[in-house]
2 protein chains.
Amino acid sequence: MPKRAPATDDTVPPVSDPADEVVTAVLTASRLLVSVSARSLAAVEETLTLPQFRMLVVLESRGAMNISRLGEHLDVIPSTAMRMVDRLAAAGMLDRAPNPGNRREILITLTSTGRSTVRQATERRRTEIARIVAAMPRSQRAGLVKALQTFTDAGGEPLAHRNAGVDVGW
Amino acid sequence: MPKRAPATDDTVPPVSDPADEVVTAVLTASRLLVSVSARSLAAVEETLTLPQFRMLVVLESRGAMNISRLGEHLDVIPSTAMRMVDRLAAAGMLDRAPNPGNRREILITLTSTGRSTVRQATERRRTEIARIVAAMPRSQRAGLVKALQTFTDAGGEPLAHRNAGVDVGW
DNA sequence: TGGTTTGTATTGCATAATGCAAATATGCCT
DNA sequence: AGGCATATTTGCATTATGCAATACAAACCA
């Protein structure tokens, strides 16, 4: 089922339609990127689902944390994170350990198996992207970097407010 | 993570390490894009799940088709597509109709409700992206379009082979 | 033409992902 | 102590998915 009502946005300023061409270009590139990510993941995954992989990614990049915090990063409620941890722990990808400083929370940590799984998938994805980039004319690469950075910067603001802390994982 | 000793990875053609910087830029932009898509969807969704929405998108862009074909576009097996159709039909988003020319298959068509739902979400996503673009310096926009098109073109080949026909939906 | 093969839709069965609500254990503050 | 907020868990329900088996229909082949 769907999640909570995501703030019906009436505060949206009328956009002055800055060339549909740009939007289309972004949308198209977006599809390719998602597709590449999905494939890279599938190549390593095999036994992991996407949500499970995302959980491992969060632990790898942010370090050990409790279940509630983990759920927040994935944008799921604690009970969901709970059961995912159950399964991943059973699969040997992570461990639960009592937090010495706070007896009501437990720390979820990545096992070496879980860590290497994440590394593999990440490496794979970077390789796939690198291959695409390699197929581009050299002269275009610098432009791509600058363009994407500018785009990311422009989109960074609203992201920080409306999607704060949620790790995409892809 | 650059790829030095390719001793272990024989299936990956040696990439001339085109600056990790480029890969990072792409990866970062990718996160933003996925995030934007997720938000746009959530704003309209409310009652639809992402897989359901993707099914509607396929029908909207490719027209009526049978369950097996529909499943192929979404990369799920017929039984999964079957039950998704059950639910979406119950929700009034699509209809099943016997195919006059072939009695063993049925045609799934979008209802007007389903169609308008897709349009809304798409519109929303374009608006969000347009807003980000609008926040970019004008001088950078043309460069973004060219860079993304080049990137998409470069990635188009392998995509056509290894991910043929699967609609991302995002 | 009749039997075999292939293509489609469906249903049974099992697991994962999710959300909501409730129960229980802690931590904290007054 | 009492009360409130926080964390983990578990019960319950729905959706998404894959695999296997069933029932038909269309295509093919001898």
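Only this structure's heavy atoms are used, side chains among them; waters, hydrogens and symmetry mates stay out. Throughout, a chain's letter reflects where its sequence line sits, starting with A, and its residues are numbered from 1.
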Problem - Side-chain-base donor-acceptor pair under 3.5 Å for A:R104 and D:dA7 - result: no

Handout entry: For the student: nearest non-hydrogen atoms of A:A154 and B:M136, plus distance
Key = CB-CG, 3.6 Å

Problem - Salt bridge flag under 4.0 Å for residues A:R96 and A:D86 - result: yes

Handout entry: Nearest-Å distance for atom pair CZ/C1', residues A:R54 and C:dA16
Key = 15 Å

Exercise for the section: Return the nearest nucleotide to the side chain of B:R103; candidates are D:dA26, C:dT18, D:dT8. Expected result: D:dA26

Handout entry: Below 4.0 Å: OP1/OP2 of C:dA17 and any side-chain N or O of A:Q52
Key = yes

Practice task
Determine: side-chain N/O of A:R96 to OP1/OP2 of D:dT9, distance under 4.0 Å, yes or no.
Solution key: yes

Problem - Side-chain ion pair, B:E72 and B:R69, N-O less than 4.0 Å - result: yes

Handout entry: Atom-to-atom span, CE of A:M84 to C1' of C:dT15 - whole angstrom
Key = 14 Å

Problem - Proximity to the side chain of B:M82 - top-ranked nucleotide from D:dT17, C:dT10, C:dT8 - result: C:dT10

Exercise for the section: Mind checking B:S68 for me? I need base, sugar-phosphate or nothing, with any heavy atom below 4.0 Å counting as a touch. Expected result: sugar-phosphate

Fill in the blank from the handout: Side-chain contact check for A:R83: nearest option of D:dA16, D:dT10, D:dC19 is D:dT10

Handout entry: Rounded distance (nearest 0.5 Å) linking atom CD1 of B:I67 with atom OG1 of B:T80
Key = 11.0 Å

Problem - From C:dT10, C:dT11, D:dA16, nucleotide with atom closest to B:P51 side chain - result: D:dA16

Exercise for the section: Report the residue from A:V145, A:I132, A:I129 that forms a side-chain contact (heavy atoms from CB on, under 4.5 Å) with B:V22. Expected result: A:V145

Practice task
Select base, sugar-phosphate, or nothing to describe what B:I77 touches, counting heavy atoms under 4.0 Å on all strands.
Solution key: base

Handout entry: Rounded interatomic separation in angstrom, taking CE from A:M55 and C1' from C:dA16
Key = 12 Å

Handout entry: Distance-only donor-acceptor test (3.5 Å): side chain B:R87, base D:dT15
Key = no

Handout entry: B:S79, nearest nucleotide to its side chain (from C:dA16, C:dT11, D:dT15)
Key = C:dT11

Practice task
Starting at atom CZ of A:F53, determine the distance to atom P of C:dA16, rounded to an integer number of angstrom.
Solution key: 19 Å

Fill in the blank from the handout: Atom CD of A:E105 and atom C1' of C:dC28 are separated, to the nearest Å, by 14 Å

Practice task
Rounded off to whole Å, could you give me the CE-to-C1' distance for the B:M65 and C:dT8 pair?
Solution key: 15 Å

Practice task
Please check if B:L88 and B:V57 belong to a single hydrophobic cluster, counting links between Ile, Leu, Val, Met, Phe, Trp and Tyr side chain heavy atoms closer than 4.5 Å.
Solution key: yes

Problem - B:T49 side-chain N/O to D:dA16 phosphate OP1/OP2 under 4.0 Å - result: yes

Exercise for the section: Provide, to the nearest angstrom, the distance between the CD atom belonging to B:E72 and the C1' atom belonging to C:dA9. Expected result: 14 Å

Problem - Spacing of B:I108 atom CD1 relative to C:dT8 atom C1', expressed in whole Å - result: 12 Å

Handout entry: A:R69 side chain near D:dA7 phosphate (N/O to OP1/OP2, under 4.0 Å)
Key = yes

